[in-house]
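Side-chain atoms are counted along with the backbone in the values below, which use heavy atoms only and exclude waters and symmetry mates.
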Amino acid sequence: MNHEEHAVIERFERGWLVFGVGMIVVFVVLIAYTMANFGGSIPVGTERVDATKVRTEGQFANPRLEQVGEEYVAYVQAFAFGYAPGEMRVKRGRKVTFYVTSPDVQHGFMIERTNINVQVIPGEVARVSHTFKEAGEYTIICNEYCGLGHAGMISKIVVEE
Ligand SMILES: [Cu+2]
């Protein structure tokens, strides 16, 4: 290989190195942007609970949707094979924070047409939040296999104007 060819390869390599580093920067910026603006749909494990006492003690023994100031807080039990509370109704444009746990096996908590999609593990509380920007009915779906009733494990959240 003569000197000229060598220089060409160096330029070519440098170009790809710059491109590679540039892509890493782009990805880091995109991830940071997503976390800053859409971080609510990233589940936060807030606490541990005794799965055998979920139905009888603590916040989840009284599953509910509560209005707290301008926002909502929901304590949700995902059980085989349903959700409590059942249908939830909220106003459009208000932030809803869901705390979800299971008294039995693993479940999923996915709300269609949103980024809410979390695993519900017995013994753990998953926290996610979402602001519904459009009124309508949103189906909540269990997307983690939990037994024979799994396919019918659905609920809904109604967003009103
Ligand atoms: Cu399930």
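- By the 4.0 Å N-to-carboxylate-O rule, Arg11 lies too far from Glu13 to be salt-bridged with it.
- Taking CD of Gln59 as the reference point, atom OG1 of Thr101 lies at 12.0 Å (rounded to 0.5 Å).
- The ring-ring contact (aromatic ring centres under 6.0 Å, His included) analysis of residues 140-161, with sequence neighbours excluded, yields the pairs Tyr145-His150.
- In this pair, Tyr75 and Tyr99 present their aromatic rings parallel. The plane angle is below 30°, not in the 30 to 60° band.
- The aromatic ring centres of His107 and Phe109 sit 6.0 Å or more apart.
- Heavy atoms only, all atoms of each residue included: Val158 and Glu137 are closest at CG2-CG, 4.1 Å.
- Atom CG of Asp50 sits in a crowded spot, with more than 12 heavy atoms from other residues, nucleotides or ligands closer than 6.0 Å.
- No path of Ile, Leu, Val, Met, Phe, Trp and Tyr side chains, each step under 4.5 Å between heavy atoms, connects Val118 with Val125, placing them in separate hydrophobic clusters.
- The pair Glu160-Arg92 does not count as a salt bridge, with every side-chain nitrogen at least 4.0 angstrom from each carboxylate oxygen.
- For CG of Leu30, the number of neighbouring non-hydrogen atoms (other residues, nucleotides, ligands) closer than 6.0 Å is greater than 12.
- Taking OG1 of Thr114 as the reference point, atom NE2 of His130 lies at 5.0 Å (rounded to 0.5 Å).
- Within a 6.0 Å sphere centred on CD of Glu66, other residues, nucleotides and ligands contribute more than 12 heavy atoms.
- Figure legend: Arg113 and Tyr138 shown as a cation-pi pair, the cationic atom lying under 6.0 angstrom from the six-membered ring centre and within 45 degrees of its axis.
- Here SG of Cys146 is found 7.5 Å from CG of Asp104. Values are rounded to the nearest 0.5 Å.
- What you find for Leu65 and Arg89 is that their closest heavy atoms are CD2-O, 3.2 Å.
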